[in-house]
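Everything numeric in this text was worked out from a predicted model, so none of it was measured.
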Amino acid sequence: MPVEIEHGCARATEQLVPIACKISSISEETSDVKAFRVQTLEGEKPFDCEPGQTAMLSVIPYGECMFCVSAQGEDYVEFTIKKVGYVTTQLHDLSVGDVVGLRGPYGNWFPADGLRGKDLLFVGGGIGLAPLRSLLTYVLAHRSDYGRVDLVYSGSTIDDLVFLSDIQGAWTEYPDTHMHVSVYKECKGWDGEVSFTAPFLEKLAFSPEGRIAILCGGPSLFRTCLESLEKMGFPPEDIITTLEMKMKCGIGKCGRCNVGSLYICLDGPVFTMAELADLPWSAD
């Protein structure tokens with residue numbers, strides 16, 4: 001039975017107004033990726049959210065950007081952010097205790113309930129692991145509810161792999177949970193697989209029977225790994241992805257994420273490839 005993903009999730013008026021929050025901790029994942037934990041000024045969790053949802057972070061007066069919530073705890077939400085432009089550079093220059101604006105959560109989420117009992121194959125590259133992490137950590141926290149879990153993850157070099165301490169440590173300690181990691185180029189300190197993600201994925205030869213694939217990465221990785229999954233026999237309805245990179249305002253007003261009759265920020269960002277196949281756009 002195909003996985004059902006809820007679309008057009010309702011949002012409260014309060015989600016349209018940024019609230020002042022503080023950065024409670026910053027960890028450096030790579031030379032250009034940092035993880036920011038954010039709390040209210042009172043030290044509380046700003047909001048509850050589901051795996052795969054997004055929120056808007058703002059650095060006054062420089063602007064705001066949409067990011068997935070890559071992790072959450074009892075008193076924080078966390079965003080893993082790559083420095084790629086003006087606002088993200090301003091974010092990377094902040095310190096613990098600095099104030100940011102935060103609004104959300106936005107969009108729908110990964111169908112964690114509909115995935116129960118199934119084997120799960122996570123496929124990502126580089127910063128694409130950030131949204132996958134939100135679902136992966138949820139699955140691991142409810143480990144007995146799911147079947148076998150595999151993560152296929154790649155980066156250009158060992159220095160471009162995020163959450164490496166989890167991949168090589170805590171995540172491997174769960175039963176029937178397997179990490180498959182490759183780098184694109186041979187590099188010092190790496191004695192594992194050297195391969196692009198798609199051929200590495202095909203080499204592992206996962207059966208599509210009873211398994212759902214969750215895919216997230218840049219355009220090239222997305223295209224090549226999608227082709228590999230299809231070649232391996234995964235039907236479009238059993239491949240899930242997230243399109244938060246196409247979101248701008250979060251409230252369906254700017255039109256940047258409009259595709260056909262849908263707004264990615266209102267109806268997504270999580271879709272199956274079967275749903276995307278009917279839209280007038282190309283994943284390329």
Side-chain angles (χ1 to χ4, degrees), residues 3 5 29-30 33 35 49-55 66-72 77-82 105 107-116 118-143 145-156 160-172 174 177-183 197-198 200-201 204 206 211-226 228-229 234 238-247 264 268-273 276 283:
V3 175
I5 296 178
E29 291 293 329
T30 73
V33 175
C49 60
E50 301 291 340
Q53 285 195 289
T54 62
M66 184 75 75
F67 302 102
C68 66
V69 179
S70 58
Q72 57 182 314
V77 291
E78 183 173 298
F79 301 91
T80 305
I81 299 170
K82 184 179 180 70
N108 66 349
W109 48 86
F110 292 114
D113 288 340
L115 297 175
R116 295 182 190 277
K118 298 181 180 294
D119 293 341
L120 302 180
L121 171 59
F122 295 86
V123 183
I127 193 63
L129 186 53
L132 294 180
R133 183 192 187 204
S134 66
L135 178 60
L136 177 57
T137 53
Y138 180 89
V139 168
L140 295 180
H142 303 81
R143 189 65 193 86
D145 293 340
Y146 300 89
R148 175 182 168 120
V149 172
D150 289 272
L151 170 66
V152 178
Y153 177 58
S154 299
S156 183
D160 298 297
L161 301 173
V162 299
F163 314 126
L164 189 57
S165 60
D166 289 325
I167 292 171
Q168 295 179 333
W171 293 351
T172 66
Y174 289 87
T177 302
H178 311 272
M179 304 289 119
H180 314 275
V181 185
S182 72
V183 297
T197 319
F200 185 35
L201 176 62
L204 293 167
F206 293 99
R211 178 175 278 116
I212 302 295
I214 307 98
L215 171 63
C216 187
S220 176
L221 181 144
F222 183 89
R223 176 180 56 80
T224 56
C225 287
L226 178 59
S228 294
L229 289 169
F234 283 83
D238 288 344
I239 304 173
I240 300 171
T241 192
T242 176
L243 302 177
E244 73 273 359
M245 67 178 291
K246 290 187 170 291
M247 299 165 69
I264 302 302
V270 177
F271 296 91
T272 67
M273 290 309 303
L276 294 181

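Closest non-hydrogen pair, Val123 versus Cys225, comes out as CG1-SG, 4.0 Å. Closest non-hydrogen pair, Gln53 versus Gly107, comes out as NE2-O, 2.8 Å. When all heavy atoms are compared, the tightest approach of Ala130 to Thr80 is CB-CB, 4.1 Å. Nearest heavy atoms, Ile240 versus Pro111: CD1-CG, 3.9 Å. Residue Ile127 comes nearest to Pro131 through the heavy atom pair O-CD, 3.8 Å, listed as atom of the first residue, atom of the second, then distance. The two residues Ile214 and Leu135 come nearest to each other via the heavy atoms CG1-CD2, 4.2 Å.
His142 and Tyr146 have their aromatic ring centers separated by at least 6.0 angstrom. Aromatic ring centroids of His178 and Phe122 lie 6.0 Å or more apart.
Using a 4.5 Å heavy-atom threshold, the side chains of Leu115 and Asp145 count as separate. Residues Gln72 and Val77 meet the side-chain proximity criterion, which asks for heavy atoms closer than 4.5 Å. Using a 4.5 Å cut-off on side-chain heavy atoms (C-beta onward), Glu78 and Val69 make no contact. Residues Leu129 and Leu161 have side chains not in contact (no heavy-atom distance under 4.5 Å, counting atoms from C-beta outward). At a threshold of 4.5 Å between non-hydrogen side-chain atoms, the residues Phe163 and Glu29 count as touching. In this structure, the side chains of Leu201 and Leu121 come closer than 4.5 Å at one or more pairs of heavy atoms. When side chains are defined from C-beta on, Thr54 counts as touching Pro269, because their heavy atoms get closer than 4.5 Å. Residues Thr137 and Asp166 fail the side-chain proximity criterion, which asks for heavy atoms closer than 4.5 Å.
Under a cutoff of 6.0 Å and an axis angle of 45°, Arg211 and Phe234 do not form a cation-pi pair.
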CA sep, side-chain torsions, deciding dist, call: Val162, Tyr153, side-chain contact (heavy atoms from CB on, under 4.5 Å)
CA-CA 10 Å; Val162 299; Tyr153 177 58; 3.2 Å; yes
side-chain contact (heavy atoms from CB on, under 4.5 Å) between Val149 and Asp119, intermediate numbers included:
CA-CA 6 Å; Val149 172; Asp119 293 341; over 6 Å; no
Step by step, would you call Val152 with Leu204 a side-chain contact (heavy atoms from CB on, under 4.5 Å)?
CA-CA 9 Å; Val152 178; Leu204 293 167; 3.6 Å; yes
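The distance from atom CG of Leu132 to atom CG of Leu120, rounded to the nearest 0.5 Å, is 11.0 Å. Rounding to the nearest 0.5 angstrom, the gap separating the CD1 atom in Ile239 from the CG atom in Leu229 is 4.5 Å. The OG1 atom of Thr30 sits 6.5 Å away from atom CG of Asp160, with the distance rounded to the nearest 0.5 Å. Note that CD1 of Ile167 and CZ of Arg133 are 10.0 Å apart. Values are rounded to the nearest 0.5 Å.
At distances below 3.5 Å, at least one donor-acceptor pair connects side-chain atoms of Asn108 with backbone N or O atoms of Val270.
Using modelled atom types and a 3.5 Å distance limit, the side chains of Arg143 and Thr177 yield a donor-acceptor pair. If you check the side chains of Ser134 and Ser70, you find no donor sitting under 3.5 Å from an acceptor.
Exactly one of Cys216, Cys68, Pro51 qualifies for a side-chain contact (heavy atoms from CB on, under 4.5 Å) with Thr242. That residue is Cys216.
Pairs engaging residues 212-221 under the salt bridge (charged side-chain N to carboxylate O under 4.0 Å, His left out) rule: none recorded [sequence neighbours left out].
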